[in-house]
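Structure first, then comments.
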Number of protein chains: 2
Amino acid sequence: MNIGRAAKISGVSPKMIRYYEQTGLIPKAARQDSGYRDYDDADVHRLRFIRRARDLGFTVEQIGELLGLWSDRSRASADVKAFALEHIARLKEKMAEIEAMVRTLETLANHCHGDDRPDCPIIEGLAEEGGATPRLQPREPRRFGRSGGQSARRHAAGSSNRTH
Amino acid sequence: MNIGRAAKISGVSPKMIRYYEQTGLIPKAARQDSGYRDYDDADVHRLRFIRRARDLGFTVEQIGELLGLWSDRSRASADVKAFALEHIARLKEKMAEIEAMVRTLETLANHCHGDDRPDCPIIEGLAEEGGATPRLQPREPRRFGRSGGQSARRHAAGSSNRTH
DNA sequence: CTGGGGCTTCCAACGATGGGAAGGTCAAGG
DNA sequence: CCTTGACCTTCCCATCGTTGGAAGCCCCAG
């Protein structure tokens, strides 16, 4: 079957299927005479596995390991469990980080009148001189932002040149 | 003062300071005779503001808006509060997503013996035929993973075998 | 035979950050 | 005065997962 069909029934987009192939997560697909990639049920099965793993927050690299565990009939269930628990622990760390942000923000917001006067503890909390806003892990890349579509916006905020 | 010093006392790396300038988040820095960027206390103050906002999970784009709110003496505290509450809501969505993953994974893990036998409900949960693993937002980019280094990656040299 | 939809590859972008190269500047020490 | 080394400059590249688009080939229905 063609990539489009495989994509539809696996829930992985054609783009991503090619990407996974390119990065070696999945083996190179068979080709039809036309040069089109050719997928069978086993391929689709694997793709669905991948999509579910992504939905559970595993990185592509981790999914590579999961695929190895999946096809390794000799491995112990303890191995898989350890892997999963590791991941759970990481997810909980992320949650804790976000929760800390939420707590800080809610504290600030609770102190903000939210009326038409300009004084605002939220902004003051960000601007304040002291070494405020407790940061959990000082310098760690953050990435979990973003939810809706992106579209518009071509490198934002351009004209906010305030001498302040 | 030089960028390195401004970086040290603001907590924003020189790389990021230049990046923020380049994208227009902050105005172009003054230059010394040498061509070095020159920062004063107000600049550092703004950088600290930015770092705190980042620590609270705001995107750079949002920080642009926050900077605008900061320097706008006529805006109502309600505006800031609304902005913050919006952000809090998004953070909570993220938390809920991750929590759902954790719940699913923990359910699977709880059913896994974790012994030396190969049968494993975790892997089976990923591989299972049915339309399992409830996904919250079907096709939404996810990004908060990341743990260790990358490297590895096989990828057998591109011998594009085309019969064509 | 033509049209349109699917497929191919390649290239770029997103966001935030770090790494590194090639070269200019500056202050301290010989 | 000159060297050394720390700092600065600009550029380009990589990350991670995903999407978008362009240019061109393939296939089927009309």
Side-chain angles (χ1 to χ4, degrees), chain A residues 1-8 11-25 28-39 50-51 53-55 57-64 137-157, chain B residues 1-8 11-25 28-39 50-51 53-55 57-64 137-153 158 160-164:
Chain A
M1 86 183 74
N2 284 349
I3 197 173
R5 177 132 190 72
K8 209 156 289 173
V12 180
S13 72
K15 286 274 192 188
M16 290 314 299
I17 296 176
R18 296 193 195 99
Y19 172 75
Y20 291 150
E21 175 179 331
Q22 188 189 317
T23 57
L25 180 67
K28 296 202 163 195
R31 296 288 180 147
Q32 301 164 344
D33 291 345
S34 58
Y36 288 10
R37 286 178 181 76
D38 197 15
Y39 298 92
I50 291 172
R51 197 183 60 72
R54 288 291 298 139
D55 285 344
F58 289 100
T59 66
V60 170
E61 192 182 0
Q62 290 173 321
I63 295 174
Q137 274 81 27
R139 53 211 76 271
E140 215 184 313
R142 191 174 310 85
R143 76 209 45 188
F144 49 74
R146 187 105 254 164
S147 41
Q150 75 293 41
S151 64
R153 201 257 284 73
R154 172 111 247 140
H155 97 0
Chain B
M1 85 183 77
N2 283 350
I3 196 173
R5 176 132 189 74
K8 210 157 289 172
V12 180
S13 73
K15 285 275 191 189
M16 291 315 297
I17 296 177
R18 296 192 194 99
Y19 171 74
Y20 292 150
E21 175 180 331
Q22 187 190 318
T23 58
L25 180 67
K28 297 203 163 196
R31 296 289 181 145
Q32 301 164 347
D33 292 345
S34 59
Y36 288 10
R37 286 177 180 77
D38 197 15
Y39 298 92
I50 291 171
R51 196 184 60 71
R54 288 292 298 137
D55 285 345
F58 288 100
T59 66
V60 170
E61 192 183 0
Q62 291 173 320
I63 295 175
Q137 275 81 26
R139 52 210 77 270
E140 217 186 313
R142 189 174 311 88
R143 79 210 45 188
F144 47 76
R146 157 112 282 155
S147 38
Q150 74 296 30
S151 57
R153 196 202 350 17
S160 56
N161 45 355
R162 313 290 267 73
T163 351
H164 199 283

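Sequence lines set the chain letters: A, B, ... in the order given, protein chains first and strands last, and positions in each chain run from 1.
Note: CD (B:Gln32) to C1' (C:dG24) measures 13 Å, nearest angstrom. The nearest whole Å value for the distance from the CG atom in A:Asp33 to the P atom in D:dC25 is 18 Å. In this structure, the CD1 atom of A:Ile50 is 13 Å from the C1' atom of D:dG17, given to the nearest Å. Rounded to whole Å, the distance from OH on B:Tyr20 to P on C:dG15 is 13 Å. Between B:Glu61 atom CD and C:dT17 atom P the separation is 15 Å, expressed in whole Å. B:Gln22 places its CD atom 13 Å from the C1' atom of C:dT17, with the value rounded to the nearest Å. Summarising the geometry, the separation between CG on A:Asp55 and P on D:dT18 is reported as 9 Å, rounded to the nearest angstrom. The separation between B:Phe58 atom CZ and C:dA16 atom P is 13 Å, rounded to whole Å.
A:Met16 CE to A:Gln22 CD: the interatomic distance, rounded to the nearest 0.5 Å, is 10.0 Å. Here the CG-CD1 distance, from A:Leu25 to A:Ile50, works out to 4.5 Å after rounding to the nearest 0.5 Å. Within the model, atoms CD1 of B:Ile17 and CZ of B:Arg51 stand 11.5 Å from one another, a figure rounded to the nearest 0.5 Å.
By the 4.5 Å heavy-atom criterion applied to side chains, A:Tyr36 and A:Ile3 are not counted as neighbours.
Judged by closest nucleotide on DNA chain C, A:Arg18 is the one of B:Lys15 and A:Arg18 placed further toward the 5' end. With the nearest nucleotide of DNA chain D identified for both A:Ser13 and B:Ile3, B:Ile3 has the one nearer the 5' end.
On a pure distance criterion of 3.5 Å, no polar donor-acceptor pair joins the side chain of A:Tyr36 and the base of D:dC27.
Note on B:Arg54: a side-chain N or O is less than 4.0 Å away from OP1 or OP2 of C:dT17. An OP1 or OP2 oxygen of D:dC25 is reached within less than 4.0 angstrom by no side-chain nitrogen or oxygen of A:Ser34. Between A:Arg31 and C:dT9, a side-chain N or O to OP1/OP2 separation shorter than 4.0 Å is present.
Side-chain N or O atoms of A:Asp38 include one that pairs as donor or acceptor with a backbone N or O of A:Met1 at under 3.5 Å.
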